[in-house]
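Here's the structure, in structure tokens; my notes come after.
Keep in mind that this is a model prediction, so the values were computed, not measured.
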Protein chains: 2
Amino acid sequence: MNQDGVNLERSLGYLLKEASSVLRAAMEEVLRPLGMSVTHYSCLELLAQRPGLSNSELARGAFVTRQSMNVLLQALEREGYVTRPAEAPVGKVLPTRLTPRGRRSLEKATVAVRSVEVRMLAGMTETEQSGAFRILQSMIRSLRDGNAGA
Amino acid sequence: MNQDGVNLERSLGYLLKEASSVLRAAMEEVLRPLGMSVTHYSCLELLAQRPGLSNSELARGAFVTRQSMNVLLQALEREGYVTRPAEAPVGKVLPTRLTPRGRRSLEKATVAVRSVEVRMLAGMTETEQSGAFRILQSMIRSLRDGNAGA
DNA sequence: TGATTCATGTCAGCATTCTGACATAGATTG
DNA sequence: CAATCTATGTCAGAATGCTGACATGAATCA
């Protein structure tokens, strides 16, 4: 139609947003029956793989602000899914850990999320998957590099 | 560390989320000086390429609910960037169009957003870009197809 | 050592988006 | 033709995430 716009039909940025949106919706769909949001799940998964992460580190890993993650952590702590020491062992950093209850809760969620990921990769060869991995990493690096300089 | 989790380091879903997050941040950064959000921009761009889209169609194109888009459209209409007829010409659908002011506003935003997209694609060959396009479309299709059946 | 810079946890207020609900117009179907 | 289904626009309330701000501990550095 017009040539001077960004041309959404052919824009990789638009397609990236669409893919991310569809993935998020699919994850929400399987996590909702478990009473868990995507950020909620991300937080637990990060803690399982890297026990002792701080609030700020979890926030960066889940792509939200540390303020948002703090709200979530307080709720998770209140409900017994994670624990944080009352006093910081060093500095202000409060290392967070999963409780057995948190670990059990995560197990179910992991199964659900993995099924979504498997579905997403259906019909893609190993080669295509590693190609996709490289390309996404390249995009991230390019955007981050130019970030400060812009 | 652990083998039975989703393994965020190697998960394409996690990488997709990261790429989308970085892209969104980069777009917000260049749009903020123009007083425009990403959804705001998406709405104007959609209207430029497909004049007369309805509120619901715009919502689907910008990946938000029609309720959210409605809030945005009312603000854009109030500020004179778009127009909608007072009465629906047919049914309840209100076709929306850019005003000259909206078009001018979009022009600046398009330049800014295009610079982000160019930066994102820096260092990728044509072949890699079309490969990325195919792969993202495949992911979207796979997730959508299994959607109803799940 | 003292000053500066940086990162962290946290509080408060605000913006954005979402879910739920309703009435209505068109399409579908018996 | 009547009933049902689907899609739309819109209102209201709630959830979620964000920006701004502050105090504090650690690291840097002059």
Side-chain angles (χ1 to χ4, degrees), chain A residues 17 20-22 24-29 31-33 35-43 46-47 52-79 82-97 148, chain B residues 17 20-22 24-29 31-33 35-44 46-47 50 52-79 82-97 148:
Chain A
K17 187 174 174 182
S20 168
S21 165
V22 174
R24 177 172 202 90
M27 288 181 65
E28 280 170 351
E29 187 179 340
L31 288 174
R32 190 172 308 125
M36 208 179 287
S37 73
V38 173
T39 305
H40 184 148
Y41 160 75
S42 301
C43 178
L46 283 162
L47 284 173
L53 283 186
S54 72
N55 173 45
S56 289
E57 290 167 324
L58 286 168
R60 282 191 290 269
F63 311 113
V64 296
T65 63
R66 64 184 197 272
Q67 291 91 333
S68 297
M69 182 55 72
N70 195 28
V71 172
L72 174 61
L73 273 187
Q74 286 175 355
L76 291 180
E77 194 174 11
R78 194 180 331 117
E79 296 161 18
V82 306
T83 46
R84 286 193 289 182
E87 300 257 317
V90 51
K92 303 187 67 178
V93 177
L94 297 175
T96 312
R97 295 186 171 275
Chain B
K17 187 175 174 182
S20 168
S21 165
V22 174
R24 170 170 273 273
M27 287 181 65
E28 280 170 351
E29 186 180 340
L31 287 175
R32 189 171 309 125
M36 210 180 286
S37 74
V38 174
T39 306
H40 183 147
Y41 160 74
S42 301
C43 177
L44 297 185
L46 283 162
L47 284 174
R50 303 216 284 274
L53 283 187
S54 72
N55 175 44
S56 289
E57 289 167 326
L58 286 167
R60 281 191 291 269
F63 312 111
V64 297
T65 63
R66 63 184 197 274
Q67 292 91 332
S68 297
M69 182 55 73
N70 196 26
V71 172
L72 174 60
L73 272 188
Q74 286 174 355
L76 291 180
E77 194 174 11
R78 194 181 332 117
E79 295 161 18
V82 306
T83 46
R84 285 193 290 183
E87 300 258 318
V90 52
K92 304 187 66 176
V93 177
L94 297 175
T96 311
R97 296 185 171 276

NZ (A:Lys17) and CZ (A:Arg24) are apart, to the nearest 0.5 Å, by 13.0 Å
Could you state the atom-to-atom distance from CG of A:Leu94 to P of D:dA26 in whole Å?
12 Å
Return the 5'-most residue of the pair B:Gln67, A:Asn55 with respect to DNA chain C, ranking by each residue's nearest nucleotide.
A:Asn55
Would you indicate, yes or no, if D:dG17 has its OP1 or OP2 atom less than 4.0 angstrom from a side-chain nitrogen or oxygen of A:Thr39?
yes
Sugar-phosphate, base or nothing in reach of A:Ser56, heavy atoms under 4.0 Å
sugar-phosphate
Is there a side-chain polar atom (N or O) of A:Thr65 under 4.0 Å from OP1 or OP2 of D:dC18?
yes
A:Glu28 has an atom CD; how far is it from atom C1' of D:dG17, in whole Å?
13 Å
Just how far, in rounded Å, is C1' of D:dT19 from CZ of B:Arg32?
9 Å
Please compare B:Val93 and A:Val90 by the position of their nearest nucleotide in DNA chain D and report the one closer to 5'.
B:Val93
Nearest whole Å is fine: how far is D:dA15 C1' from A:Leu72 CG?
13 Å
Roughly how bent is the helix from C:dT1-D:dA30 to C:dG30-D:dC1 end to end, in steps of 10 degrees, with each end axis from five pairs?
40°
Rounded interatomic separation in angstrom, taking CG from B:Asn70 and P from D:dA7
18 Å
Residue pair B:Arg97 / B:Gly52: nearest heavy atoms and the distance that separates them:
CG-N, 4.2 Å
So which heavy atom on A:Pro33 is nearest to which on A:Glu29, and how close?
CD-O, 3.1 Å
Which sits closer to the 5' end of DNA chain C, B:Phe63 or A:Arg84, going by the nucleotide each is nearest to?
A:Arg84
How many angstroms lie between atom OG of B:Ser21 and atom CZ of A:Arg60, to the nearest 0.5 angstrom?
13.0 Å
Between C1' on D:dT19 and CZ on A:Arg66, what's the gap in Å once rounded to a whole number?
11 Å
Under 4.0 Å: is that the gap between some side-chain N or O of B:Arg60 and OP1 or OP2 of D:dT8?
yes
Once you apply a heavy-atom cut-off of 4.0 Å, does A:Ser37 come out as touching a base, just sugar-phosphate, or nothing?
nothing
Once you round to the nearest 0.5 Å, how far does CG of B:Leu72 lie from CD of B:Gln67?
13.5 Å
To the nearest 0.5 Å, atom CZ of B:Arg84 lies from atom CD of B:Gln74 at 6.5 Å
Gap between atom CG of B:Leu58 and atom CZ of B:Arg50 - 0.5 Å precision:
9.0 Å
Footprint ends on DNA chain C, 5' to 3', for atoms under 4.0 angstrom from a heavy atom of chain A, come out as C:dT8 to C:dC11
Testing B:Leu47, B:Leu46, B:Thr83 one by one against B:Thr96 for a side-chain contact (heavy atoms from CB on, under 4.5 Å), which residue passes?
B:Leu47
Please check this pair: side chain of B:Asn55 against backbone of B:Leu94, looking for a donor-acceptor N/O pair closer than 3.5 Å.
no
Distance check needed: D:dT6 P versus B:Lys92 NZ, whole Å only.
17 Å
Spacing between B:Arg24 atom CZ and D:dG17 atom P, to the nearest angstrom
13 Å
Any side-chain to backbone donor/acceptor pair from A:Ser42 onto A:Val38? Under 3.5 Å, distance only.
yes
